[in-house]
Trainee: 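Pasting a structure below so you can have a look.
Chain letters run A, B, ... following the sequence lines, proteins first, then strands; residues in each count from 1. What you see is a predicted model; the values in this text were computed from it and never measured.
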Amino acid sequence: MRDVQESGCGSNPSVHALVADHPCYSEGASHRYARMHLAVAPACNMQCRYCNRKFDCSNESRPGVVSGVLLPDQAVERTREAMRRLENLRVIGFAGPGDPLANPERVFATCRPLRQQFPELHLCLSTNGLHLPEAVEAIVAHGIHHVTITLNTLDPVVGEAIYSWIFWQKKRRRGVEAARILLDQQLIGLSALLARGVLVKINTVLIPGINDSQVPEINRLVSEAGVFSHNVMPLISAPEHGTYYGVMGISGPTEAQLQQVRDRCSGAARLMTHCRQCRADAAGMLGEDRQAELKINASGGRVIAIQPARREPAPEPVLLAVASSTGELVDIHFGHAGSFRIYRVIGETIEALGEREVVDPYCHGDDRCVEESHSAASLNRLLNRLHDCHGVICSRIGYTPWQALLARGIEPVNSHAHWPVREALRQTARKLRQQRAQNIPMAAVAGMK
Amino acid sequence: MLALVITVECIACWACEPICPNGAIRVKNEIFRIDKNSCTRCEGHAELPQCVEICPVEGAIIDAEGRAMNPPGTLTGLPA
């Protein structure tokens, strides 16, 4: 295994400089230095079966999930603020919530000012690799020295079971064809990056029963290619994530299964075992999802905050309104609700207080739901009907009513779309109680997809 | 040919916006819609409408008759 500490007297003295203060590349650095992911890349060009970008759940900690997308200038503003507050900040990462290279303009437009204003920060990027080959020159030109490629298999037949589809040359492609294109692009991109001296990390999601046997082979191949580090990470999968694997009951590996597979990886690439599978908007030290100190209102943008610490405050009653057709599922758009069901939640106890009719729903549009079909007067009447509620749970909500609710101190919740009402109520009440206990302004934890 | 329409199923993921050859995807307050005067359904540019091809959400884009361009079950592989 390559030893970073000694690399200064070895082949590549710059490697030490690149990893010494990067928490994802060096476990030692992970205890001392912080990183921040800038969520500037919303779009994605493919569908992995372990990903569901539909839900924006602030209680989850997994890649691809984020509570708000930043424009490049907002991202720079956020970095400036973070530099003031996190003195050990060393790394800015681009990880999503889509794929950074499906949004190259946004990513590189963020890199340019960052590099000018904060030349001391490392810039790094994670990608599925589909558009990597054509991006390599831009990556190098923008001073991105660290790139992570997610490589889950070297076999397109296995790939078919991991990827639902890719968008490639104007078409959605599926099956083995899609997996083969992806693999080719990943390997071409990998060689090109290494040839340009970029430090490459490979992420492999261990999906039990799907790619276990592939992992040692991947490890061997990428080690021989000259990859710096290989991160074999466990699949995160639960039915409520709504991912293909989650719904189909394919669960993540046990600790023992993960260890077993890692033990079979003996290549020169150093195995990363300290990965915390951060969200696409994480900030702080690895595994720290709790920097309530970092609440940044990017100029003209949404308020984005890092998740607060979890504590267990005493249960207090929480009054919630739910947009649901039958009371079973959270299935109605805020603007379309003809009535809201009101519940009081105390601890785990849920008490139904009846329905409040809405005389004229806020949104009169059909499925198109365009801005012109909205009435400010209806919205105000609706807000008055909900004035005493702490939160409103609905399947979807537009930006205008979202902001209007926040302005009234009512938390809009659209992260539990199509959940059972009772479960959504419990989760939401728990979150609101935590916020209240920590005195976090409602808006600070609200994210809008 | 009549323009396509984005429904409330849209998750505002932005995938369609940069690839529309006509710049017909309009975004206001995170609500996405297709400008009916600009949409050509990609005729002359691609075999199939590009927004439909990259959209990750079933039922998020419909045609003028209200038919889902990506019907349930076609994208996720999950039973509809």
Trainee: Using a 3.5 Å distance criterion without hydrogens, assess whether the side chain of B/Gln50 forms a donor-acceptor pair with backbone atoms of A/Lys170.
Mentor: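 Side chain of B/Gln50 to backbone of A/Lys170: a pair is present.
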Trainee: For B/Glu47, which atoms come within 4.5 Å of any heavy atom of chain A: side chain, backbone, both, or neither?
Mentor: side chain
Trainee: At what distance, to the nearest 0.5 angstrom, does CG of A/Asn45 lie from CD of B/Glu53?
Mentor: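 A/Asn45 CG to B/Glu53 CD: 14.0 Å, rounded to 0.5 Å.
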Trainee: Out of curiosity, A/Asn52 CG to B/Ile11 CD1, how far, rounded to the nearest 0.5 Å?
Mentor: 7.5 Å
Trainee: Ignoring hydrogens, what is the shortest heavy-atom contact between B/Thr76 and A/Arg49? Give both atom names and the distance.
Mentor: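 Shortest heavy-atom separation between B/Thr76 and A/Arg49 comes out as O-NH1, 4.0 Å.
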Trainee: Please report the shortest heavy-atom distance between A/Trp165 and B/Pro56, naming the atom on each side.
Mentor: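 Reported closest heavy-atom pair: CZ2-CA, 3.7 Å.
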Trainee: Please state whether the side chain, the backbone, both or neither of A/Arg173 comes within less than 4.5 Å of a heavy atom of chain B.
Mentor: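 Neither the backbone nor the side chain of A/Arg173 comes within 4.5 Å of chain B.
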Trainee: Side chain of A/Arg396, backbone of B/Val8: donor and acceptor closer than 3.5 Å?
Mentor: yes
Trainee: Could you have a look at B/Cys42, B/Cys16, B/Cys10, B/Pro18 and say which one has the most heavy-atom pairs with chain A under 4.5 angstrom?
Mentor: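 Among B/Cys42, B/Cys16, B/Cys10, B/Pro18, the one with the most close pairs to chain A is B/Cys10.
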Trainee: Which atoms of B/Leu75 are under 4.5 Å from chain A, going by heavy atoms: the side chain, the backbone, both sets, or neither?
Mentor: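 For B/Leu75, heavy atoms of backbone and side chain both lie under 4.5 Å from chain A.
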Trainee: The test is side-chain contact (heavy atoms from CB on, under 4.5 Å); show your working for A/Gln47 and B/Ile54 and say whether it passes.
Mentor: CA-CA 10 Å; A/Gln47 179 69 58; B/Ile54 203 167; over 6 Å; no
Trainee: Using every non-hydrogen atom in the two residues, find where A/Ala43 and B/Ala15 come nearest and quote the distance to one decimal.
Mentor: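 What the structure gives for the nearest pair is CB-CA, 3.5 Å.
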Trainee: Is A/Arg172 close to B/Asn70 at the side-chain level, that is, under 4.5 Å between some pair of heavy atoms?
Mentor: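 Answer yes - side chains close enough.
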